[in-house]
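Single-structure report; data block below.
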Amino acid sequence: MEVIIVKDRDEGSELAARRLRNRVSSKPASVLGLATGQTPELLYRKLTEWQDSDPVNFKQVITFNLDEYMGLENSHPESYHYYMTTHFWGPLGILEDQRFIPNGLSKDPQQECLNYEAMIQEKGPIDLQLLGIGRDGHIGFNEPMSSLGSRTRIKTLTESTRKDNAAAFSSKSEVPYHVITMGIQTILEASEIVMLAFGDAKAEAIKGCVEGPLTSVCPASALQMHPRCKVIIDEAAAKRLQYQSYYREVYEKKPSWQKAEFV
Ligand code: PGA
């Protein structure tokens, strides 16, 4: 796990956006695993803005989303389908048949989970998976005690996640209880993972993810098993880490060929 501590959200989003663009420049038919929520919003905005001055061709890119609420129409402003249309697919011109997200309205949700997982196997592996992290340590919507060997399936959100996500809905009672999410094993099969976390509220989860024991109590700790995982965090999210100075030193002393990933 490579921990990169940045000054703020802007610097972290820029770094991750550059990594993603480089991936697509060097492999135009990249398969991207994408996250929703507040964390990647600035990253997606930067990618969109850079298209004006220095365009990269996203026409061959295939995207898979981590998760979706069950029971929300695609046109619901809080559905992740709507989020993706607004923040990524639309602005970057991802073709409709190259966008994949679980269908939370499926009449047979268990079959939908199997189909989604099969589609990832068919089109994948995912070249680059972006992740945020929940305050309870979830990745995707893999809440605490999710099996570390899990694949795409239905999950029930924790009270803490429903509360955190309520801000975007008109009231907490409107936040769905159920979701479809890629599993932890599905996520770990991506060739490369970039996790982003900003702000004090994520400090505890980041501590568990980076330095805690490998445990389903903090699903993000499973990333310790991944051979190519970058965790890009601001100072507030890093504040509980014991080895902060070591992470900073590793990054400062990176050989130039490794820094090229972000150029
Ligand atoms: P957030 O959510 O980006 O809205 O903080 C992160 C997550 O739940 O994974």
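Just follow the structure's listing: the first ligand is 1, and inside any ligand the first atom is 1.
The existence of a salt bridge linking Asp234 and Lys202 is excluded, since no basic side-chain nitrogen approaches an acidic carboxylate oxygen closer than 4.0 Å. A salt bridge does not link Lys155 to Asp67: none of the charged nitrogens lies less than 4.0 Å from a carboxylate oxygen.
Residues passing the side-chain hydrogen bond (donor to acceptor under 3.5 Å, both in side chains) test with Asn57, sequence neighbours excluded: none. Under the salt bridge (Lys or Arg N to Asp or Glu O under 4.0 Å) criterion, Glu143 pairs with no residue at all, not counting sequence neighbours. Looking at residues two or more places apart in sequence or on another chain, you find a salt bridge (Lys or Arg N to Asp or Glu O under 4.0 Å) between Glu211 and Lys207.
Sorted by chain then number, the residues whose non-hydrogen atoms approach ligand 1 to under 4.0 Å are Gly37, Gln38, Thr39, Gly132, Ile133, Gly134, His138, Lys202.
Using bins of under 30°, 30° to 60° and over 60° for the plane-to-plane angle, the ring pair Phe169/Tyr69 lands in the perpendicular bin.
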